[in-house]
Amino acid sequence: MYLVFDVGATYVKYAWMTLEGSIEEKGKIPTRNKKNEGINDFLLSLTEIYEKYKGKDVIEGIAVGLPGQVDVENGIVYGGGGIRYMHNVPLRDLLSERCDNVKVSIENDGKCAALAEVWMGNAKDVETACVLVFGTGIGGGIIKDGKIHRGKRMLAGELSFIVENMTREDLARIQCSEDMSMYDAIEQMPFMWSAHAATGSVCYWLAKKKGLEAGDVTGEEIYRWARSGDKDSEEALEDMYFSIAKQCCNLYVAFDPEVILIGGGISAEPAFIEGIQRYVNKLKGLSIIYKEISIDVCKYRNDSNLLGALYNFKQIYNV
């Protein structure tokens, strides 16, 4: 059996899984990510889950998906995304040492979502694909020759950082986002793709427009409002669809993938994919070069990072 973690800035999901990807049990705990918490607190929370399961059966391995630039071969995390203390951390070895030296693998969460599609999803039978995952930010993975393309600096697929609609005036006043909160980064750098196409950002801007607290609006609420005729919600969704469609076209001409897969929790809403496809179809009119662009939904959503993390383990340790 295998213990698999999907680490986010707010929650850590965990699953007790077979090597074939069957989830026998799963749950979640809050991520130890408060101002006074650090890597030792984080490791303690994971080892507590390990201790819970190690008496049930032999744990053959631990697989982890998490934010940041992940050096898969050396087991080191850089950047850490929304988990600020997770920078230059040899997470694989630290976790293994605390868990009876069980084998551990780590991989970026967006790339895990892509790996799930390669393993048993809608990228299973293709050589090239782009996987886009929409949530708090925009993650994803580039599939090349049926495998994850990480790039020289493990940055391939870090799509939140695509620059869009930036002016020279923006450049003159730019601030580094590393020490900002998510909402401050959205305000200070609205020209980043994630600042207006990530689900979290769309929720933030609509909450601000309606005079609500930033965390009080969800994607589900935006769709409910839109269906009831709320014009602000309708416009926010249309802007999101159009922005994603444009970047799908950009990725298509830059990489020429066989398919572009759209994932994240919001992709469970049929209108989301339909809206993106509608604008892609309109953009096809710009040139024959876009004629064969193919957009589809990811097969796996909430469990994709867990499945992909386990598949990463299988690849690394050849099991």
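It should be emphasised that the depicted structure is a prediction, and the values quoted were computed from it without experimental measurement.
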Report yes if the side chains of [X] and [Y] come closer than 4.5 Å at any heavy-atom pair, otherwise no.
X      : Y      : answer
Lys299 : Glu117 : yes
Lys314 : Trp119 : yes
Glu164 : Lys246 : yes
Ile76  : Leu91  : no
Ile142 : Ile148 : no
Cys248 : Ile262 : yes
Val70  : Met154 : no
Met192 : Val163 : yes

Does atom [atom1] of [X] have more than 12 heavy-atom neighbours from other groups under 6.0 Å away?
X      : atom1 : result
Lys144 : NZ    : no
Asn318 : CG    : no
Asn302 : CG    : no
Leu155 : CG    : yes
Ile288 : CD1   : no
Glu73  : CD    : no

Which pair of heavy atoms, one from [X] and one from [Y], lies closest together, and at what distance?
X      : Y      : result
Leu159 : Val131 : CD1-O, 4.4 Å
Ile143 : Ala114 : CD1-CB, 3.9 Å
Leu306 : Ala15  : CD1-CB, 3.9 Å
Gly264 : Ser267 : O-OG, 2.5 Å
His87  : Gly79  : ND1-N, 2.9 Å
Ala116 : Ser304 : CB-O, 3.3 Å

Return yes if a side-chain donor-acceptor contact under 3.5 Å exists between [X] and [Y], otherwise no.
X      : Y      : value
Ser243 : Trp193 : yes
Tyr252 : Glu292 : no
Asn250 : Gln247 : yes
Tyr85  : Asp41  : no
Thr167 : Asp170 : yes

Pairing of [X] and [Y] as salt bridge, 4.0 angstrom limit:
X      : Y      : answer
Lys208 : Glu187 : yes
Glu107 : Arg150 : yes
Arg278 : Glu238 : yes
Lys13  : Asp303 : no
Glu269 : Arg227 : yes
Glu37  : Lys34  : no

message = Please determine whether salt bridge (Lys or Arg N to Asp or Glu O under 4.0 Å) holds for the pair Asp230 and Lys210, giving the CA-CA distance in whole Å, both sets of side-chain angles, and the decisive distance to 0.1 Å.
response = CA-CA 11 Å; Asp230 181 74; Lys210 291 183 174 297; 2.9 Å; yes
About how many Å separate [atom2] of [Y] and [atom1] of [X], when rounded to the nearest 0.5 Å?
X      : Y      : atom1 : atom2 : result
Asn281 : Ile295 : CG    : CD1   : 9.0 Å
Asn40  : Arg98  : CG    : CZ    : 5.5 Å
Leu115 : Met120 : CG    : CE    : 11.5 Å
Asp57  : Met1   : CG    : CE    : 6.5 Å
Ile244 : Ile138 : CD1   : CD1   : 6.5 Å

message = Both conditions, 6.0 Å and 45 degrees, for the charged tip of Lys284 above the ring of Tyr290: are they met here?
response =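 No - Lys284 does not lie over the ring of Tyr290 by the 6.0 Å and 45° rule.
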query = Does Trp16 have Lys52 sitting over its ring (NZ/CZ under 6.0 Å from centre, angle to axis within 45°)?
reply =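 Negative - Lys52 is either too far from the ring of Trp16 or too far off its axis.
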Stepwise side-chain contact (heavy atoms from CB on, under 4.5 Å) check, Trp225 with Leu206 = CA-CA 11 Å; Trp225 291 339; Leu206 195 56; 3.9 Å; yes
message = Once side-chain hydrogen bond (donor to acceptor under 3.5 Å, both in side chains) is applied, what residue pairs with a partner in residues 58-72 remain, sequence neighbours excluded?
response =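 Non-adjacent pairs meeting side-chain hydrogen bond (donor to acceptor under 3.5 Å, both in side chains): Asp71-Asn74.
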query = Taking the side chain from Ser96 and the backbone from Val102, do they hold a donor-acceptor pair closer than 3.5 Å?
reply = yes
ask   = Can you name the residues that form a ring pair (Phe, Tyr, Trp, His ring centres under 6.0 Å) with Phe242, not counting sequence neighbours?
value = Tyr279
message = Pair Ile222, Val202 - check side-chain contact (heavy atoms from CB on, under 4.5 Å), show working.
response = CA-CA 9 Å; Ile222 293 177; Val202 174; 3.9 Å; yes
inquiry  = Taking Val126 as the starting point, is it possible to reach Val253 by hopping between hydrophobic residues whose side chains are less than 4.5 Å apart?
reply    = no
key: Path from Val133 to Val297 over hydrophobic side-chain contacts below 4.5 Å   = no
inquiry  = Show, in sequence, the C-alpha distance, side-chain angles and deciding distance for Leu66 and Asn108, and conclude whether the side-chain contact (heavy atoms from CB on, under 4.5 Å) test is met.
reply    = CA-CA 5 Å; Leu66 75 165; Asn108 169 269; over 6 Å; no
inquiry  = As a quick check of understanding, evaluate side chain to side chain donor-acceptor pair (under 3.5 Å) for Asn305 and Tyr300, giving each step before the final call.
reply    = CA-CA 9 Å; Asn305 290 0; Tyr300 297 100; over 6 Å; no
inquiry  = Could you go through Leu132 and Leu261, starting from their C-alpha distance and side-chain angles, then the distance that decides it, and tell me whether this counts as side-chain contact (heavy atoms from CB on, under 4.5 Å)?
reply    = CA-CA 6 Å; Leu132 315 182; Leu261 298 176; over 6 Å; no
request  = Classify the ring geometry between Tyr2 and Phe313 as parallel (under 30°), tilted (30 to 60°) or perpendicular (over 60°).
outcome  =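 The arrangement is perpendicular - the two ring planes meet at more than 60°.
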